Amino acid sequence: MPLLLQLALAVAVAVAMAGTATTTTTHTRFYMHDTVTASASGGGPAATAVRVVRGAAAAALPGDAVNRFGDLYAVDDPLTDGADAPSAAVGRARGFYMFASRTDSALLFSATMEFTAGVHRGGAVSVLARDAILDEVRELPVVGGAGVLRGAAGYGLLRTHSFNATTNNAVLQIDMYLTV
Ligand SMILES: *[C@@H]1O[C@H](CO)[C@@H](O)[C@H](O)[C@H]1NC(C)=O
């Protein structure tokens, strides 16, 4: 067979194979436990969200939202398959959130979600989101994946399942839609 024909055949086969490559879209639901206050005096060794910066503009601006502008929290929140704290762990959300609006209760949320159990076990996704914490539904754009989720694309929908205004502790429900 002439070389050129062989080459053309090889390209045709490669194109055909690429055409049949399968992608899978999955929906998973899990819960993120954000514990700001783990003891009566605040903070505590079991806290999973810790304020590491107090916004510089805090004292100068009126209103609750702007008073927290610039506040930055480091988070290492457990992810579970149910809303109750004792339900089975599926991973951790690690990163930070910062009050990033002078006018709204809106965070910039940046984290990796590493899955150690469940369908995404051995994978991680990176999310970078605007989290307007009083909105019923917030969108978590997935900017990438690692491990078994390498190359993943998709998004999460974040809802506040429960919030305790005394402790600021929250349980967030996340519906994650991923295509790998
Ligand atoms: C909020 O947390 C406080 C302190 O742990 C607790 O006493 C109270 O019952 C909680 N409120 C709700 C609605 O769970």
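Quantities reported herein were computed from a predicted structural model and do not represent experimental measurements. Note that ligands are numbered from 1 as they come in the structure, with each ligand's atoms numbered from 1 the same way. One-based numbering along the sequence shown.
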Are Leu108 and Arg130 packed together at the side-chain level, in the sense that at least one heavy-atom pair is separated by less than 4.5 angstrom?
no

Looking at atom 9 (O) of ligand 1, would you say a protein heavy atom lies below 4.0 Å from it?
no

Is the shortest distance from atom 2 (O) of ligand 1 to a protein heavy atom below 4.0 Å?
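Given the 4.0 Å limit, the answer for atom 2 (O) of ligand 1 is yes, a protein heavy atom qualifies.
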
Just to confirm my output: which protein heavy-atom neighbour is closest to atom 12 (C) of ligand 1, and how far is it?
Asn164 ND2, 3.4 Å

Distance filter under 4.0 Å to Thr167 heavy atoms, resulting ligand 1 atoms
2 (O), 4 (C), 5 (O)

Parallel, tilted or perpendicular: rings of Tyr31 and His161 (30°, 60°)
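It falls in the perpendicular class, over 60°.
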
Looking only at the side chains, is there a donor atom on one of Asp71 and Tyr97 sitting less than 3.5 Å from an acceptor on the other?
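No, Tyr97 and Asp71 have no side-chain donor paired with an acceptor closer than 3.5 Å.
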
Between Thr179 and Thr23: side-chain donor-acceptor atoms closer than 3.5 Å:
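No.
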
